[in-house]
Q: 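This is the structure I want to talk about, given as structure tokens.
In what follows, chains are A, B, ... by sequence order, proteins preceding strands, each numbered from 1. Note that this is a predicted model, so its numbers are computed, not measured.
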There are 2 protein chains.
Amino acid sequence: MKSEPDASRLAAWRSFLEAHARVTSVLEEELEAEKDLPLTWYDVLVQLEESAEHRLRMTDLAGAVLLSKSGLTRLIDRMCGAGLVERAPDPFDRRGTYVILTTAGYDRLQDAAPVHMRGVEEHFARYLSDAETAAIHEGFTRVLEGVQSRLR
Amino acid sequence: MKSEPDASRLAAWRSFLEAHARVTSVLEEELEAEKDLPLTWYDVLVQLEESAEHRLRMTDLAGAVLLSKSGLTRLIDRMCGAGLVERAPDPFDRRGTYVILTTAGYDRLQDAAPVHMRGVEEHFARYLSDAETAAIHEGFTRVLEGVQSRLR
DNA sequence: CTACGATTGTTGCACAGACAACCAGTTGGA
DNA sequence: TCCAACTGGTTGTCTGTGCAACAATCGTAG
């Protein structure tokens, strides 16, 4: 029963941490500079765009973008103010609130996506071989399953 | 000249993001619960412990733990208050300040490290084959070189 | 049908971190 | 030698986020 990572895995872990920090900060910077859009806003727009009817309940959205309920409440306040999303009550559960992508929000996402995608290609994807890409995807998927199952 | 990642690389990117978020949050949680130590504090302690003389200049430390200058000033304020590090003027450059690991800080790190290492093993390393580990390390190292060189 | 526990979302509060302005100290060129 | 430009660090201020407490609503056991 091993309780510590070996040296090679620790090195992988460290490169993982640093790569994440550096790359996301560059991406954030570029998206902010070129499209004046925080990465958190972008994430929300993506999640909504990929959901049925372009809408999601607050709780589900919070889970998807990894924010606390209160954090999301405030974020959605701001994004409503900017007209990118709107709130609508759930007619079948009057406690619930849907967050819905507006057309302005959809347009904003369409406008910003190329910049973000270019960043992901330029600062991340281009450095990975096909084999490495597969290894990363498979390995991390397993890691994720592990963390998820821990909760239930 | 490709400007967007292909589907497999985008999938890898997404699993990368989510794995990072989930795993670090679990690690933070565990370290906080078992050793009452925020991950940022732990990072500072590790950086100092690995440095010559157990000391680092504010600016260098800020770079190492990826914090702004002001952010680090406040963090070190708190850690000084807790007695884990101390400040000392650089005699050769009177603008500069060293942050030095105290013995209490060293002990605290020795105490916390096994918990953190166990977490890295348990929630990350154990899910990766040798080949995946190598691919992650090599791929991300290249990614990092790319981001670094961008700055200079 | 009622009453109680669970769930949904918002609010008050506190805190960590970023940015910009600043001071003190250093360096290099006229 | 002196001054201008730069560097290292701290401070004021603001923003974003988490936690705990709350109100409203739901679902279910009795």
Q: Using the rule side-chain hydrogen bond (donor to acceptor under 3.5 Å, both in side chains), only one of B/R118, B/R22, B/E30 pairs with B/H123; which is it?
A: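 Going through B/R118, B/R22, B/E30 one by one, the side-chain hydrogen bond (donor to acceptor under 3.5 Å, both in side chains) with B/H123 is satisfied by B/E30 alone.
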Q: Are any side-chain N or O atoms of B/S51 and backbone N or O atoms of B/L56, one a donor and one an acceptor, separated by less than 3.5 Å?
A: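 It does not hold such a pair.
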Q: Whole angstrom is fine here: how far is it from CD1 in A/I76 over to P in C/dT11?
A: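 Interatomic distance, CD1 of A/I76 to P of C/dT11: 14 Å.
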Q: Taking atom C1' of D/dT10 as reference, at what distance in whole Å does atom CG of B/L75 sit?
A: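 Taking atom C1' of D/dT10 as the reference, CG of B/L75 is at 14 Å.
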Q: In this structure, how many angstroms lie between the P atom of D/dG8 and the CG atom of B/L61, rounded?
A: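 These atoms are roughly 14 Å apart.
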Q: A/M79 has an atom CE; how far is it from atom C1' of D/dG16, in whole Å?
A: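 Interatomic distance, CE of A/M79 to C1' of D/dG16: 14 Å.
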Q: Please report, rounded to the nearest Å, how far the C1' atom of D/dT25 is from the CE atom of A/M58.
A: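 The answer, rounded to whole Å, is 16 Å.
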Q: Going by the ring pair (Phe, Tyr, Trp, His ring centres under 6.0 Å) test, name the single residue among B/Y127, B/F140, B/F124 that passes it with A/W13.
A: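 By the ring pair (Phe, Tyr, Trp, His ring centres under 6.0 Å) criterion, A/W13 pairs with just one of B/Y127, B/F140, B/F124: B/F124.
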Q: What is the distance, rounded to the nearest whole Å, between atom CG of A/D43 and atom C1' of D/dT17?
A: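 So the two atoms are 15 Å apart, to the nearest Å.
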Q: On a heavy-atom basis, which atom in B/D111 and which in B/P114 lie closest, and how many Å separate them?
A: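 Nearest heavy atoms, B/D111 then B/P114: O-CD, 3.4 Å.
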Q: When you measure from the side chain of A/T97, which nucleotide among D/dG18, C/dG9, C/dA18 comes out closest?
A: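 Side chain of A/T97 sits closest to C/dG9.
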Q: Could you check A/R78 against B/D77 and say which one's nearest nucleotide on DNA chain D is further toward the 5' end?
A: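 Going by which nucleotide is closer to the 5' end, it is B/D77.
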Q: Rounding to a whole Å, what distance do you find between A/R57:CZ and C/dT10:C1'?
A: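 Those two atoms, CZ and C1', are 14 Å apart.
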Q: On DNA chain C, compare the nucleotides closest to A/L72 and B/L66; which residue's is nearer the 5' end?
A: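 This one resolves to A/L72.
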Q: Would you say CZ of B/R78 has more than 12 non-hydrogen atoms from neighbouring residues, nucleotides or ligands within 6.0 angstrom?
A: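 Yes, enclosed.
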Q: A/E28 CD to C/dC19 P: how many Å, rounded?
A: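 Rounding to the nearest Å, CD of A/E28 and P of C/dC19 are 10 Å apart.
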Q: Counting side-chain heavy atoms from C-beta on, which of D/dG9, D/dT13, D/dG18 comes nearest to A/R74?
A: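 So the nucleotide nearest the side chain must be D/dG18.
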Q: Under 3.5 Å, which protein N or O atoms sit close to an N or O of nucleotides 22-29 of chain C? Give each pair with its distance.
A:
unit_1	atom_1	unit_2	atom_2	d
C/dG25	N2	B/R95	NH1	3.0
C/dT26	OP1	B/R94	N	3.0

Q: Select one nucleotide: of D/dG8, D/dT10, D/dT17, the one nearest the side-chain heavy atoms of B/R87.
A: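 It is D/dT10.
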Q: In terms of side-chain heavy atoms of B/S70, which of C/dG9, D/dG16, D/dG12 is nearest?
A: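 It is D/dG12.
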Q: Are more than 12 heavy atoms, taken from residues, nucleotides or ligands other than A/R14, located less than 6.0 Å from that residue's CZ atom?
A: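 Result for CZ/A/R14: open.
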Q: If you only use heavy atoms from C-beta on, which nucleotide in D/dG18, D/dT11, D/dG9 is closest to the side chain of A/S68?
A: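 Ranking D/dG18, D/dT11, D/dG9 by closest atom to the A/S68 side chain puts D/dG18 first.
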Q: Which nucleotide sits closest to the side chain of B/T73: C/dG17, C/dA18, D/dT11?
A: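 Within the option list, the nearest is D/dT11.
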